[in-house]
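Working notes, structure below.
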Amino acid sequence: MAEIVHDLFPLIRVYKDGRIERLLGEGVVPAELDPETGVQIKDVQIDPKINLSARLYLPKNLDQVQKIPLFVYFHGGGFVIESASSPSYHKHLNLVATEANVIIVSVNYRLAPEYPLPIAYEDSWLALKWIASHAKGEGHEPWLKDHADLNHVYFGGDSAGANIAHNIAIRVGLEKLDGVKLDGIFLACPYFWGIDLIDGEAENLDCKNYIEKLWAFAHPNSSGLDDPLMNPEKDPKLSSLGCDKVLVYVAGKDPLKYRGLYYKELLEKSGWQGTVEVVEIKDEEHVFHLFAPTSENAMVVLKKLVSFLNQSKA
């Protein structure tokens, strides 16, 4: 039997012979018109040399020159599984595009361990620069050229994707990005942690140990769980977050919820000038809205997100 050198069940295993076995997130939904919502979907290459791509969602009934907000989405999966074409995201993002009437660019960043962190962050930044190129007339994607209002851009993500959205928003605040105005970020069950346990984390040491292993696996050169990429409390640049609105949702049965709740406190103490709201959905597990996107509680999350994405239209 092949020897396992990294066992991160239920996500991924790596064998001594170098074989990588992803246990989840390998399904693919084709990019085509969604018959239920009328949303058009297509995959685009951003940089073929490094296999960086994105999946785009365009809501129906737009006139030829209508500009609508852009929602840039980063998928979750611990930085090691899932993709922009995973079934987990198909239904949810179709609903968001339809209900909020936004264009979505779902970034297909490269995964660890083949591409260890910080590559996922760098890919996400490259995708954002590609989006920004359309503001200057250099980009060639017609959906973005004709319909994306780059003065009203939002980031979103779940779990590790929420971590990316947060960190890329910090980078926007520090470096700016000509042509893109970031209005807000939506973090679903954000993947944050730290060395010192907070609130109810001590009741779930197995989760802490797993996250520590998974983070070290995805980012071998990291300093550990207090790396500012993983622990916003340790980031001296936190107040530079490049938007003025943040919406966080946490799930009541998710061990990550304490960090999501604490994130609000950290932002408010940091000197950042925006407003942050945290919504807790009781009796639900981590990113439940992706697995049951039309459930009653998932619709509560969706309604809140739609309202958040439509603030700039008011």
Side-chain angles (χ1 to χ4, degrees), residues 7-12 22-25 27 73-82 86-93 95-96 155-166 185-218 225-226 229-233 246-268 276-308:
D7 192 348
L8 289 154
F9 180 86
L11 302 186
I12 190 168
R22 288 186 165 84
L23 307 169
L24 291 170
Y73 195 83
F74 307 98
H75 70 78
F79 301 103
V80 299
I81 63 165
E82 300 286 6
S86 294
S88 310
Y89 299 98
H90 181 73
K91 181 84 174 179
H92 173 62
L93 293 181
L95 288 171
V96 174
F155 296 167
D158 62 283
S159 197
N163 175 303
I164 293 174
H166 157 78
I185 60 173
F186 166 68
L187 310 183
C189 303
Y191 183 51
F192 298 136
W193 207 272
I195 289 173
D196 296 328
L197 298 175
I198 61 169
D199 301 328
E201 287 177 350
E203 297 158 27
N204 206 326
L205 290 178
D206 285 349
C207 181
K208 183 210 180 229
N209 293 337
Y210 183 83
I211 287 173
E212 200 158 22
K213 272 174 67 179
L214 181 59
W215 176 251
F217 175 74
L225 290 181
D226 275 349
L229 291 168
M230 187 58 158
N231 185 356
E233 185 175 18
V246 175
L247 173 63
V248 182
Y249 114 67
V250 298
K253 292 181 176 178
D254 181 3
L256 291 175
K257 79 170 184 179
Y258 304 105
R259 294 285 162 174
L261 296 166
Y262 190 38
Y263 180 72
K264 179 180 194 291
E265 195 182 314
L266 292 174
L267 272 181
E268 289 173 342
V276 54
E277 180 182 3
V278 181
V279 178
E280 182 173 350
I281 309 291
K282 306 282 187 188
D283 301 320
E284 293 289 2
E285 304 281 354
H286 186 64
V287 301
F288 78 94
H289 68 295
L290 296 175
F291 306 114
T294 55
S295 67
E296 188 178 341
N297 279 340
M299 295 312 280
V300 170
V301 173
L302 179 68
K303 191 174 174 189
K304 195 82 189 168
L305 174 57
V306 167
S307 167
F308 184 71

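- Between Phe79 and the options Leu214, Asn163, Leu11, a side-chain contact (heavy atoms from CB on, under 4.5 Å) holds for only Asn163.
- For the pair Ser88/Glu82, a side-chain contact is recorded, criterion being any heavy-atom separation below 4.5 Å from C-beta on.
- A 4.5 Å side-chain heavy-atom check between Asn297 and Val301 finds every atom pair outside the cut-off.
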For Tyr191 and Val287, run side-chain contact (heavy atoms from CB on, under 4.5 Å): C-alpha distance rounded to whole Å, both residues' side-chain angles, the deciding distance at 0.1 Å, then the answer. CA-CA 11 Å; Tyr191 183 51; Val287 301; over 6 Å; no
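- Between the CD atom of Glu277 and the CG atom of Leu247 there is a distance of 6.0 Å, given to the nearest 0.5 Å.
- The aromatic rings of Tyr73 and Tyr89 sit tilted relative to each other, their planes meeting at an angle between 30° and 60°.
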Show the numbers, then the answer: is there a side-chain contact (heavy atoms from CB on, under 4.5 Å) between Ile281 and His289? CA-CA 10 Å; Ile281 309 291; His289 68 295; over 6 Å; no
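- Of all the heavy atoms in Pro255 and Trp193, the pair that sits closest is O-CZ3, 3.8 Å.
- Put simply, CG on Asp254 and CZ on Arg259 are 12.5 Å apart, with the number rounded to the nearest 0.5 Å.
- Between Trp215 and Leu229 the shortest side-chain heavy-atom distance falls below 4.5 Å.
- Shortest non-hydrogen contact noted between Ala292 and Ala298 is O-CB, 3.1 Å.
- Across every non-hydrogen atom of Ile195 and Lys208, the tightest pair is O-CE, 3.9 Å.
- In terms of heavy atoms, Gly77 sits closest to Ala160 at N-CB, 4.3 Å.
- Salt-bridge check for Lys257 with Glu280: passed, with a basic side-chain N closer than 4.0 Å to an acidic carboxylate O.
- Closest approach of Tyr210 and Leu8 over heavy atoms only: OH-O, 2.9 Å.
- Atom CD1 in Ile164 sits 7.0 Å away from atom NE2 in His75 (nearest 0.5 Å).
- When every heavy atom of Ala165 is checked against every heavy atom of Phe155, the shortest pair comes out as O-CD1, 3.7 Å.
- Heavy-atom contacts from other residues, nucleotides or ligands closer than 6.0 Å to NZ of Lys304 number 12 or fewer.
- Note that CD1 of Ile211 is 4.5 Å distant from CG of Leu256, once rounded to the nearest 0.5 Å.
- A 4.5 Å side-chain heavy-atom check between Phe288 and Ser295 finds at least one atom pair inside the cut-off.
- Once rounded to the nearest 0.5 Å, the distance linking CZ of Phe308 with CD1 of Ile185 reads 7.5 Å.
- Rounding to the nearest 0.5 angstrom, the gap separating the CG atom in Asp196 from the CD atom in Glu201 is 10.0 Å.
- Residues His166 and Tyr263 have side chains in contact (heavy-atom distance under 4.5 Å, counting atoms from C-beta outward).
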